[in-house]
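The structure appears right after this line, and notes come after that.
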Amino acid sequence: MRRAFYNRPVLEVARDLIGCVVEHEDCAGVIVETEAYHDSEPASHAFIGLTPRTRVLFGPPGVAYVYRSYGIHALLNAVTEPEGVGAAVLFRALEPLSGIDTMRARRGVSAERELCSGPGKLTQALGIGLEYNGTDLVRGPIRIAPRPRAWRETHVAVSPRIGITKAAELPWRFCASGSRFLSRSR
DNA sequence: CATGGGATTGACT
DNA sequence: GTCAATCCCATGC
């Protein structure tokens, strides 16, 4: 996608990313679940303002924000909105498209539904670690491609975000309706 | 410099 | 259903 795609309100970008394709080297998957985060609400890392950790979130749109969660997992976000606004879309689940055997090897499981059905799972499957924080989503190495034709008319379901304690009531989670590749937690 | 808390996952009861 | 693993970073002394 072009830079202008990301330079829009985070809720629009989070919804429009459903059905698009994340590509990294030989692996790719269709985005079936996202969440939006914005510096105006306390669940966002950017809520505390500009710090070394949140520098990327307040930077230009179309950049990857990757951070470590619970000391174990790397979580991938796409920075949105103009520079100076701290907003990003969390990638929560993909439907595997290509490089599936590579994903199986990295994840250590074989079932396709277990490869990318969670924010920590999909980064492991695609080989995305903290070293990708701040990299460009327009030029790569990680890129987002437009929806394949089959995903052009996908219905998007909206619901509250998962796994947070603050601002948990906001309906800022977006899913491809009926997908069998969503994350399972609540 | 010490402390505490996660935008999670997988193993176990 | 419960729970531990594990580490970056923000905060407070």
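Only a predicted model underlies this, so the values are computations on that prediction, with no experimental measurement involved. Per chain, numbering begins at 1; letters A, B, ... match sequence-line order.
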Please report, rounded to the nearest Å, how far the P atom of dT8(B) is from the CG atom of N77(A).
11 Å
C175(A) SG to I18(A) CD1 distance, which is reported to the nearest 0.5 Å:
6.5 Å
If we count only N and O atoms by modelled type, under 3.5 Å, do the side chains of T102(A) and D26(A) hold a donor and an acceptor together?
yes
Any base atoms under 4.0 Å from I164(A), or only sugar-phosphate, or nothing? Heavy atoms, all strands.
sugar-phosphate
Tell me which residues in residues 35-44 of chain A lie within less than 4.0 Å of DNA chain B, going by non-hydrogen atoms.
Y37(A), A43(A)
Which pairs count as side-chain hydrogen bond (donor to acceptor under 3.5 Å, both in side chains) when at least one residue sits in residues 52-70 of chain A, sequence neighbours excluded?
H45(A)-Y65(A), T51(A)-T54(A)
Wobble G-U and Watson-Crick pairs count when both distances are under 3.5 Å; given that, what is the 5' to 3' dot-bracket string of DNA chain C, with | for pairing to other strands?
|||||.||||||.
Students should find that the hydrophobic cluster of F47(A), defined by side-chain heavy atoms under 4.5 Å apart, otherwise consists of none
Can you tell me how far P of dT6(C) sits from CG of L130(A), to the nearest Å?
16 Å
Residues forming a salt bridge (Lys or Arg N to Asp or Glu O under 4.0 Å) with E12(A), sequence neighbours excluded
R8(A)
Using whole Å, report how far CG of N133(A) lies from C1' of dA7(B).
14 Å
Filter on salt bridge (Lys or Arg N to Asp or Glu O under 4.0 Å), then keep only pairs touching residues 93-103 of chain A, sequence neighbours left out; what's left?
D101(A)-R104(A)
Pairs flagged by salt bridge (Lys or Arg N to Asp or Glu O under 4.0 Å) wherever residues 139-150 of chain A is involved - sequence neighbours left out
none
With a cut-off of 3.5 Å and sequence neighbours excluded, list every side-chain donor-acceptor pair involving residues 150-160 of chain A.
from    : atom 1 : to      : atom 2 : distance (Å)
T154(A) : OG1    : W151(A) : O      : 2.9
H155(A) : ND1    : S177(A) : OG     : 3.2
S159(A) : OG     : R173(A) : NH1    : 3.3

Take the protein atom NE2 of H45(A) and the nucleotide atom C1' of dG5(B), then report the distance between them rounded to whole Å.
10 Å
Please report, to 0.1 Å, the donor-acceptor pairs under 3.5 Å made by any side chain of residues 109-117 of chain A, with sequence neighbours excluded.
from    : atom 1 : to      : atom 2 : distance (Å)
E114(A) : OE1    : K121(A) : NZ     : 3.2
S117(A) : OG     : R113(A) : O      : 2.7
S117(A) : OG     : K121(A) : NZ     : 3.4

Check whether the side chains of Q124(A) and R107(A) place a donor and an acceptor atom closer than 3.5 Å, and report yes or no.
yes
Heavy atom of residues 106-125 of chain A under 4.0 Å from DNA chain C: which residues?
none
Residues that H38(A) engages under ring-ring contact (aromatic ring centres under 6.0 Å, His included), provided they are two or more places apart
none
Nearest whole angstrom, please: distance from the C1' of dT8(B) to the CZ of F91(A).
18 Å
Looking at DNA chain C, which of residues 52-75 of chain A put a heavy atom within less than 4.0 Å of it?
P52(A), R53(A), R68(A), Y70(A), G71(A), I72(A)
Check this for me, if you would: do R161(A) and E41(A) make a salt bridge, where the nitrogen-to-carboxylate-oxygen distance has to be below 4.0 angstrom?
yes
Got a donor-acceptor contact below 3.5 angstrom from the E35(A) side chain to the I162(A) backbone?
yes
